[in-house]
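Read the structure below first, then the notes.
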2 protein chains.
Amino acid sequence: MKGYLPHISYDSVVFGFAEGRLKILIMKYHNTGYFALPGGFVRSTENLNDAVKRGLKERTGLDKIYLEQFYTFGSVERHQPATMKTILKANKLPLKDYGWLAERFISIAYYALIDYSKVNPTPDTLSDSVGWYEIHDLPELIFNHQEIVDKALETLRLNLDRKLIGTNLLPNQFTMNELQKVHEVIKGEKLRRSSFQRKILSLDILKRHEKRFNGKAHKAPYLYSFIDNKE
Amino acid sequence: MKGYLPHISYDSVVFGFAEGRLKILIMKYHNTGYFALPGGFVRSTENLNDAVKRGLKERTGLDKIYLEQFYTFGSVERHQPATMKTILKANKLPLKDYGWLAERFISIAYYALIDYSKVNPTPDTLSDSVGWYEIHDLPELIFNHQEIVDKALETLRLNLDRKLIGTNLLPNQFTMNELQKVHEVIKGEKLRRSSFQRKILSLDILKRHEKRFNGKAHKAPYLYSFIDNKE
DNA sequence: ACCTATTGTCTCAAATTGCTACAATAAAAT
DNA sequence: ATTTTATTGTAGCAATTTGAGACAATAGGT
């Protein structure tokens, strides 16, 4: 317990984009072979959203993260005390102090969109690694974490056009082609180059910068950045 | 405590449609003048979703309800122990047994869509009335319940076209005009009759029945019902 | 028999999207 | 220096969807 709200946790699906693929952060627990989403708990006098931000800062080193709550998982089937007891034992943590971790939790799930290149994945005390995994090639995850990932991707897909969030997965400046690839990998389908470009530009949310000369033997693309406020 | 998960509650925004208006169920607490959304708590071995269904069944008498979770509110500002203590005092409930109600709660919010004509609003032990209020003409609500209502309506608006849910607010059979009014009142804008009709019919989700003769001096409209499964 | 309000549907204009084509161009190849 | 190659920016037209109005059909009143 020690200052945290009992039975309440959060899980986060941290999306990054690299090598043309959509990736998420997965933790591996010490000496168990168990894989899980990064998660945490809420202090007794802490805002839920702040708790999640705090946890993400610890795991990624990033401060201002695009973050969205998408579902709260509250089924009793989620509760698998044996799994958590195995993890505690592998970490030599006494049940008397840490047994509360093996109780039932209702977990609020968030997804985050971050610039892959800026992240410095940092394990916590229970885990010996935090790493990037391609979203369609994940190891087996504990509890219902695979379900959480699936729902995160589904929600991201639905929100992609409504909110203008693809840019959160890219560096400050990016080419139209990179943005299109982000959209394609989230939607899981190829998009027409000319239609995509026309659509995005008509939204008036991008600022055009100088070209990027990348040494390739063809016309150099313009760089764009996302315009936040436009009054 | 007594078998419930501490610090966890749910709130429900129950939508109904009557007199061309969108309404929701609001409870009034005994002897206090406090108004609130219908809510409740989760038993230690109960699915979150089942807890909400159980509560709605008690308040409305309905069994199969269209229900959707839309957000979990976890800010500390929600916590206003003085308000809850006033309610307990007005109900002559001793703090020693019921003080847990005045602690901090993280609340999972759901909205429900129901057939207004089928509901039988039933108060619980703390409240002396449950009644329908037009969504844009609510009394002042406790805690952050107004924020919850606002977010429920916003989510309903976003889901209206994506999911095919307008029919859940109407009786089994309804006219195209009634369905259009439901859409208009949720979106907060007038819709074109011919475009609306064309759009809805093209979805192939409605079955046409006989006409409804309502004694008015004009052409009688067809009745429709929602088709669930179509293979 | 005519009038009135509403319904179901058609039509054409306007806007959006799908798809192809083509000139521009950065650097490698000749 | 010229040609070649891969990619980019954008124009143009077809196909589709949506907006807006019009009109015949009709249930019941006058």
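Below, chains carry the letters A, B, ... as their sequence lines are ordered, and counting in each starts from 1.
- Listed by residue number, B:R193, B:S194, B:Q197, B:R198 are the residues of residues 192-199 of chain B with a heavy-atom contact under 4.0 Å to DNA chain C.
- A centroid separation of less than 6.0 Å is found between the aromatic rings of B:F73 and B:Y71.
- Nucleic acid contact for A:R212: none, since no nucleic acid atom lies under 4.0 Å from a heavy atom of the residue.
- Using a 4.5 Å heavy-atom cutoff, the side chains of B:T60 and B:V130 are not in contact.
- Counting heavy atoms from C-beta on, the side chains of B:N159 and B:R162 come closer than 4.5 Å.
- For the pair B:D137 and B:K23, the salt-bridge criterion is not met [side-chain N within less than 4.0 Å of a carboxylate O].
- A salt bridge does not link A:E77 with A:R104: every distance from a Lys NZ or Arg NE/NH1/NH2 to an Asp or Glu carboxylate oxygen is 4.0 Å or more.
- Taking a cutoff of 4.0 Å between a charged side-chain nitrogen and a carboxylate oxygen, A:R59 and A:D124 qualify as a salt bridge.
- A donor-acceptor contact shorter than 3.5 Å links the side chain of A:T155 to the backbone of A:K151.
- A salt bridge does not link B:K57 with B:D50: every distance from a Lys NZ or Arg NE/NH1/NH2 to an Asp or Glu carboxylate oxygen is 4.0 Å or more.
- Checked by distance alone, A:K219 brings a side-chain donor or acceptor within 3.5 Å of a matching partner on the base of D:dT8.
- For DNA chain C, no neighbouring residue in residues 166-177 of chain A is found when judged by any heavy atom under 4.0 Å.
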